[in-house]
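Quick notes on the structure that follows.
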Amino acid sequence: MILAKSLGEFKEALESLPHKEKVGFVPTMGALHGGHISLVQAARKRCMHTVVSVFVNPTQFNNKEDLATYPRTLEADAALLEKEGTDILFAPRVIDIYPQEDTRIFDLGGLDNYGEGPRRPGHFNGVAQVVTRLFDIVRPQYAFFGEKDYQQLAIVRHFTKALGYNIEIIGCPIMREADGLAKSSRNTLLTADQRTAAPHIYKTICQAKEWKKRFSPKEVIEKTKAEIDANPMLETEYVEIVDSDNLRPLENWSDSDNPRLWCAVYARPVRLIDNIAL
Ligand code: PAF
């Protein structure tokens, strides 16, 4: 595996690949876990070469504290990626990605109107800035994103198509710990008590699948919130039920063939997200 820590080093590394037109790309912010590794394995299966980026993108953080405390574990990440057969690990500096301030504003097709969008103003625009920049540098054929960030995946698909990138976006299923907690870099920030409480989120959203048979979307949202908040370690920020394609909230089950519940929950100060097809 080649570790490229600057744009120059990355370009050289990419040139050295025998099939650089057959690259699968996994963009990450590092602190890698089983969820990321499943993306790398999916890329390895489908593509001749696998490129992984590790870059904690400042423009997608609307909270300075979150950016400052985001776990950074490049050495351990590199060891994991090497073991998984990654060809290039691209770990650029901020100056490589943003040689000057990125002022681009993206049309996200309204997919950012709900869920994370209003709660993290500017977040998805920052994701679009960094992902398009990385696409321009890496020029992959395929790019792999996890369904845990379901809204991000939908938004990436949208702007990839709208901007005419010839890149196939592959969504990969959520990876979970044995107790159901969705794998996330932020899980390492939980205290022992919070870690014990956190699987209650998945348990509750699974229960929502049952509630769906008897209750309206609004009632399912209320019951899900109440059940999560009953745990003193957890506090819901939002629970929404949306259509999996247009991401609009549902009034009635008949509004969608493919409803999805998504939520953000605090185990303060850590913020966890999860989602499930209902
Ligand atoms: O999902 C993430 O880790 C990030 O949002 C991404 C796609 C790597 C962009 O910084």
Side-chain angles (χ1 to χ4, degrees), residues 4 7 10 23-40 42-43 50-64 66-74 76-78 80-81 86 88-98 102 104 106 108 111-112 115-117 119-138 140 142-160 163 165 167-175 182-189 262 264 270-275:
L7 190 54
F10 178 75
V23 165
F25 177 45
V26 181
T28 82
M29 297 206 298
L32 303 182
H33 51 69
H36 297 111
I37 297 307
S38 74
L39 304 182
V40 174
T50 302
V51 171
V52 179
S53 63
V54 168
F55 179 67
V56 182
N57 171 37
T59 72
Q60 71 186 77
F61 285 81
N62 53 325
N63 177 330
K64 281 200 179 101
D66 195 18
L67 173 61
T69 57
Y70 201 84
R72 288 164 169 85
T73 56
L74 186 60
D77 293 346
L80 268 178
L81 292 173
T86 304
I88 306 176
L89 164 54
F90 181 35
R93 304 159 301 175
V94 173
I95 188 94
D96 293 308
I97 300 298
Y98 301 117
D102 193 338
R104 292 174 298 161
F106 290 81
L108 304 177
L111 296 173
D112 58 337
E116 294 292 286
R119 279 93 187 184
R120 302 182 69 188
H123 167 70
F124 287 120
N125 197 65
V127 169
Q129 288 175 340
V130 76
V131 170
T132 51
R133 180 79 181 118
L134 288 166
F135 281 178
D136 291 340
I137 295 169
V138 178
Y142 295 93
F144 298 78
F145 293 82
E147 286 184 352
K148 176 168 160 286
D149 295 293
Y150 189 86
Q151 192 171 14
Q152 167 175 279
L153 170 62
I155 287 174
V156 169
R157 281 193 206 286
H158 171 82
F159 67 69
T160 299
L163 298 173
Y165 282 103
I167 299 172
E168 192 175 329
I169 305 299
I170 312 285
C172 299
I174 301 179
M175 301 305 284
K183 292 196 180 193
S184 162
S185 308
R186 289 190 167 88
N187 294 352
T188 59
L189 303 173
W262 61 27
V270 184
R271 187 173 182 275
L272 301 169
I273 59 169
D274 205 344
N275 71 84

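Counting convention: from 1, in listed order, for ligands and their atoms alike. Position 1 is the first residue of the sequence, and the numbers go up from there.
- What you find for Val56 and Arg72 is that their closest heavy atoms are CG1-NH2, 3.5 Å.
- For atom 9 (C) of ligand 1, the closest non-hydrogen atom of the protein is Gln60 OE1, 3.3 Å.
- Proximity to Val130 (heavy-atom distance under 4.0 Å) selects the following atoms of ligand 1: 9 (C), 10 (O).
- For Glu116, the salt bridge (charged side-chain N to carboxylate O under 4.0 Å, His left out) test picks out Arg120, Arg271, with sequence neighbours left out.
- Polar contact with ligand 1: present for Gln152 (N/O pair, distance under 3.5 Å).
- The only member of Thr50, Val52, Val26 that meets side chain to side chain contact (heavy atoms under 4.5 Å, CB included) when paired with Leu39 is Val26.
- Take Phe61 and apply the ring pair (Phe, Tyr, Trp, His ring centres under 6.0 Å) test, not counting sequence neighbours, and it matches Tyr70.
- Any N or O atom pair closer than 3.5 Å counts here, and Thr28 shares no such pair with ligand 1.
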